[in-house]
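First comes the structure, then the notes that go with it.
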Amino acid sequence: MKSIFFVAFIVCLIGAAAASDPRAPDQFQVLFNTTRGPALIQVVRAWAPIGVDRFYALVTQGYYNDNAFFRVIQSPKPFVAQWGISSDPSVNKKWENAEIPNDPVVKSNVRGWISYAAMMNGTTACCRTTQIYVNYGDNSRLDAMGFAPFAQVISGMENLDQLYSKYGEQPDQNKIYKYGSAYLKKDFPNLDYLNTADLVSTAAPSKN
């Protein structure tokens, strides 16, 4: 079975220069407006500084707007929902090889926590770019593989639980990069979408 963490690259570009993003605030909140309803997430830079800087850059540039939840795994048991490929192929060309290095794993991949999807270099995650996932259950086994959570859903997780999951792993990530939403809307019309991801505050983090 294809791993959820394999993004649309054939190989990880070992030795490629890491992309550099502006420093994000120490903490902030982002409101996800999805086709199933809103979800509010708390982001704390200390949890994964490199990943948070990238996420902040993407949110403030509107990258996650109109993103499909193209890989939602609820069976045989709740696992993850994954998104982070732009609906616009021209935008994907800018970001698909803009890799960032790993962060140390500070938090755990348990329900409601968000991490970057990535390729695997042996037994370790590598080559993070823009794809992210939310954990539906206890996936703490991913911690040892280097998947570092950088944000937590603090309200609206029940809406993310309802994301359409019957397509499973059918959507082809390479085709999403190449054709964007035209491919998904034609072949997978029931997918749910992240309509907008909006920076809403620099509130204090939840106590975890």
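None of these values were measured; they are calculated from a predicted model. One is the number of the first residue; the rest follow in order along the sequence.
- Smallest separation of non-hydrogen atoms from Ala57 and Asp21: CB-OD1, 4.1 Å.
- The distance from atom CD of Gln170 to atom CG of Leu191, rounded to the nearest 0.5 Å, is 9.5 Å.
- How far CD1 of Ile154 is from CG of Leu40: 4.0 Å, rounded to the nearest 0.5 Å.
- Side-chain contact check for Lys166 versus Gln74: every heavy-atom pair is 4.5 Å or farther apart.
- The CZ atom of Arg36 sits 13.0 Å away from the CD atom of Glu158 when rounded to the nearest 0.5 Å.
- One hydrophobic cluster, built from ILVMFWY side chains closer than 4.5 Å, cannot hold both Tyr133 and Val105; they sit in different ones.
- In terms of the ring-ring contact (aromatic ring centres under 6.0 Å, His included) criterion, Tyr136 has no residue partners (sequence neighbours excluded).
- Distance check, rounded to the nearest 0.5 Å: CG of Leu194 to OH of Tyr63 gives 11.5 Å.
- Each of Met145 and Val106 belongs to its own hydrophobic cluster when Ile, Leu, Val, Met, Phe, Trp and Tyr are linked at side-chain heavy-atom distances under 4.5 angstrom.
- A donor and an acceptor atom, one from each side chain of Gln42 and Gln152, are nowhere located under 3.5 Å apart.
- Across all their heavy atoms, Glu96 and Thr129 have their closest contact at O-CG2, 3.5 Å.
- Smallest separation of non-hydrogen atoms from Pro149 and Lys107: CD-O, 3.4 Å.
- When the side chains of ILVMFWY residues are joined at heavy-atom separations under 4.5 Å, either directly or via intervening members, Phe69 and Val30 end up in a single hydrophobic cluster.
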Query - side chain to side chain contact (heavy atoms under 4.5 Å, CB included) evaluation trace for Arg23 with Val52 - result: CA-CA 8 Å; Arg23 181 186 172 98; Val52 168; over 6 Å; no
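- Residues satisfying the ring-ring contact (aromatic ring centres under 6.0 Å, His included) test with Phe32, not counting sequence neighbours, are Trp83.
- Tyr116 and Asp103 form no side-chain donor-acceptor contact under 3.5 Å, judged by distance and modelled atom types alone.
- Comment: Asp138 does not engage Lys77 in a salt bridge, judged by the lack of any side-chain N to carboxylate O separation of less than 4.0 angstrom.
- Distance alone, capped at 3.5 Å, is enough to place a donor-acceptor pair between the Asp172 side chain and the Asn174 backbone.
- Atom OG of Ser115 and atom CG of Leu142 lie 7.5 Å apart (nearest 0.5 Å).
- For the pair Gln131/Ile85, a side-chain contact is recorded, criterion being any heavy-atom separation below 4.5 Å from C-beta on.
- Summarising the geometry, atom CD1 belonging to Ile114 is positioned 7.5 Å from atom CG belonging to Leu160; distances are rounded to the nearest 0.5 Å.
- By the 4.0 Å N-to-carboxylate-O rule, Asp53 lies close enough to Arg45 to be salt-bridged with it.
- Of all non-hydrogen atoms in Leu31 and Pro38, the two that sit nearest each other are CD1-CB, 4.0 Å.
- Pro89 has its side chain out of reach of Tyr183: every pair of non-hydrogen atoms, C-beta onward, lies at least 4.5 Å apart.
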Query raised in the report: Can Gln173 and Gln82 be said to form a side chain to side chain contact (heavy atoms under 4.5 Å, CB included), step by step?
Result: CA-CA 11 Å; Gln173 294 183 33; Gln82 185 174 339; 4.1 Å; yes
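- Between Asp198 and Asn33, the side chains place a donor N or O and an acceptor N or O closer than 3.5 Å (distance only, hydrogens not considered).
- Side-chain atoms of Asn109 come within 3.5 Å of backbone N or O of Phe147 as a donor-acceptor pair.
- With contacts defined as side-chain heavy-atom distances shorter than 4.5 Å, the pair Gln29/Ser201 qualifies.
- Taking each heavy atom of Ile100 and Arg54 in turn, the nearest pair found is CG2-NH2, 3.3 Å.
- When all heavy atoms are compared, the tightest approach of Ser86 to Asn67 is CA-ND2, 3.8 Å.
- In this structure, Lys186 fails the cation-pi test against Tyr179, since its NZ or CZ atom is not both closer than 6.0 Å to the six-membered ring centre and inside 45 degrees of the ring normal.
- Checked against a 6.0 Å centroid threshold, the rings of Phe70 and Phe188 do not count as neighbours.
- Val44 places none of its side-chain heavy atoms less than 4.5 Å from the side chain of Phe28.
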Report task. List the steps and the verdict of side chain to side chain contact (heavy atoms under 4.5 Å, CB included) for Trp113 and Val134. Result -> CA-CA 6 Å; Trp113 285 81; Val134 62; over 6 Å; no
Report task. Evaluate side chain to side chain contact (heavy atoms under 4.5 Å, CB included) for Val80 paired with Asn139, printing each intermediate quantity in order. Result -> CA-CA 9 Å; Val80 300; Asn139 300 319; 3.8 Å; yes
**Report entry** CA sep, side-chain torsions, deciding dist, call: Phe55, Tyr64, ring-ring contact (aromatic ring centres under 6.0 Å, His included)
**Finding:** CA-CA 9 Å; Phe55 181 70; Tyr64 289 113; 5.7 Å; yes
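- In this structure, Leu58 and Thr130 have side chains that are in contact, with non-hydrogen atoms separated by less than 4.5 Å.
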